J.: 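Can you keep this structure in mind? I'll have questions shortly.
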Amino acid sequence: MAPADLSSRVHAAADAAPKSPAEPKQEEISPAAADVEAGGGSPGGDGVNYVARAQWLRAAVLGANDGLVTVASLMIGVGAVNESRRAMLVSGVAGLVSGACSMAIGEFVSVYAQYDIEVAQIKRTRRDDGDGGSGDRSSLPSPTMGAGASALAFATGAALPLLSGGFVRTWAGRVAAVCAASSVGLAGFGVLGAYLGGASAVRSGARVLVGGWLAMATTYGALKLFGVHGA
């Protein structure tokens with residue numbers, strides 16, 4: 001057999017032999033694991049823990065959105081049966097004050113309930129471990145801060161339609177100003193929430209905008225119908 005033929009057969013046998021799977025190199029795995037750890041477990045691994053943001057993000061964005069929709073709907077609804085500037089302005093101020101107080105009280109009660117549950121859990125854990133200490137309470141939620149943040153967020157959102165349309169002289173101008181400012185604010189809140197939460201800005205903005213339009217249109221239609229029948 002010729003040396004060339006023998007060499008060819010040896011190489012062919014070596015190629016046909018089953019190869020053991022290569023073990024992954026440490027340097028090929030470490031960057032992905034590091035990304036996950038840096039991202040706080042988020043799928044994107046971009047260093048931002050969107051789950052940790054969810055609590056304060058929800059309270060801030062939803063509070064502002066609620067304030068905007070509530071006061072805009074009140075002003076437009078009252079304007080459907082009373083075209084005076086004073087009536088629309090007073091309805092907006094009443095909505096801002098009552099809504100902010102309601103949000104603050106609701107958030108205070110809700111967060112305090114969570115606070116009590118977490119304190120009770122800490123006590124049970126310390127008792128089961130045989131430790132008489134008070135436990136670490138540095139991470140407990142603050143009912144007062146939660147109430148203040150919710151009231152401030154609601155008032156911020158409510159101020160937009162109130163200031164934009166409450167001082168316009170003509171009825172049509174007031175309604176147009178409230179609708180325009182509210183639309184911009186709703187879309188902005190939706191996009192802001194999506195950006196901070198890592199979601200789709202277009203879908204979030206459109207969803208919040210359409211929801212606000214439906215609320216304002218429903219309030220206007222209901223009070224307009226009431227005013228016609230009341231007359």
Side-chain angles (χ1 to χ4, degrees), residues 23-71 94-160 185-186 188-201 203-205 207-208 211-212 215:
E23 295 183 358
K25 296 181 180 180
Q26 182 65 25
E27 58 269 21
E28 294 177 354
I29 298 176
S30 298
D35 287 343
V36 173
E37 292 179 359
S42 61
D46 53 2
V48 179
N49 189 347
Y50 294 113
V51 177
R53 280 183 172 181
Q55 294 182 350
W56 66 265
L57 176 63
R58 179 179 180 276
V61 174
L62 292 185
N65 182 73
D66 287 346
L68 192 155
V69 173
T70 298
V71 170
L96 187 155
V97 175
S98 61
C101 292
S102 177
M103 290 287 290
I105 294 172
E107 188 70 12
F108 182 85
V109 172
S110 176
V111 175
Y112 218 114
Q114 179 183 353
Y115 177 89
D116 290 339
I117 292 173
E118 294 188 15
V119 168
Q121 181 60 38
I122 290 176
K123 291 181 179 179
R124 284 192 296 269
T125 302
R126 304 291 289 185
R127 184 173 60 248
D128 294 341
D129 294 341
D131 190 346
S134 59
D136 183 15
R137 302 192 179 190
S138 60
S139 61
L140 291 176
S142 172
T144 304
M145 291 183 63
S150 294
L152 180 61
F154 186 95
T156 300
L160 185 59
L186 288 169
F189 287 142
V191 171
L192 177 62
Y195 172 76
L196 295 177
S200 171
R203 286 198 299 268
S204 179
R207 182 168 56 246
V208 173

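These numbers were taken from a predicted model, which means no experiment stands behind them. Side chains included, hydrogens not; waters and symmetry mates left out as well; all remaining heavy atoms used.
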J.: Do you know the tightest heavy-atom contact between Asp66 and Thr70?
T.: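 Answer, listing the atom of Asp66 first, then Thr70: O-OG1, 2.7 Å.
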J.: Considering non-hydrogen atoms only, spot the tightest contact between Ala201 and Val191 and give its length.
T.: O-CG2, 3.8 Å
J.: Give a yes or no on whether the backbone of Ser200 and the side-chain of Ser204 come within a donor-acceptor separation of less than 3.5 Å.
T.: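 No, Ser204 side chain to Ser200 backbone: no donor-acceptor pair under 3.5 Å.
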J.: Find the distance between CG (Leu160) and CG (Leu96) and round it off to the nearest 0.5 Å.
T.: 11.5 Å
J.: Kindly give the heavy-atom pair with the smallest separation between Ala215 and Val69, and that separation in Å.
T.: CB-CG1, 3.6 Å
J.: Would you confirm whether Ser98, through its side chain, and Ala94, through its main-chain N or O, come within 3.5 Å as a donor-acceptor pair?
T.: yes
J.: What pair of heavy atoms forms the shortest contact from Gly146 to Glu107, and how long is it?
T.: O-CG, 3.2 Å
J.: If you round to the nearest 0.5 Å, how far is CZ of Arg127 from CZ of Arg124?
T.: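 Here the rounded value is 7.5 Å.
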J.: Hey, what do you get for CZ (Phe108) to CD1 (Ile105), rounding to the nearest 0.5 Å?
T.: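 Separation between the atoms: 10.0 Å.
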J.: Atom CZ of Phe154 and atom CG of Asn65: how far apart are they, to the nearest 0.5 Å?
T.: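 Rounded to the nearest 0.5 Å, the CZ-CG separation comes to 10.0 Å.
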J.: Ignoring hydrogens, what is the shortest heavy-atom contact between Gly63 and Met103? Give both atom names and the distance.
T.: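 Minimum heavy-atom contact is CA-CE, 3.8 Å.
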J.: Restricting to non-hydrogen atoms, name the atom on Val71 and the atom on Ala158 that form the minimum distance, rounded to 0.1 Å.
T.: CG2-CB, 3.3 Å
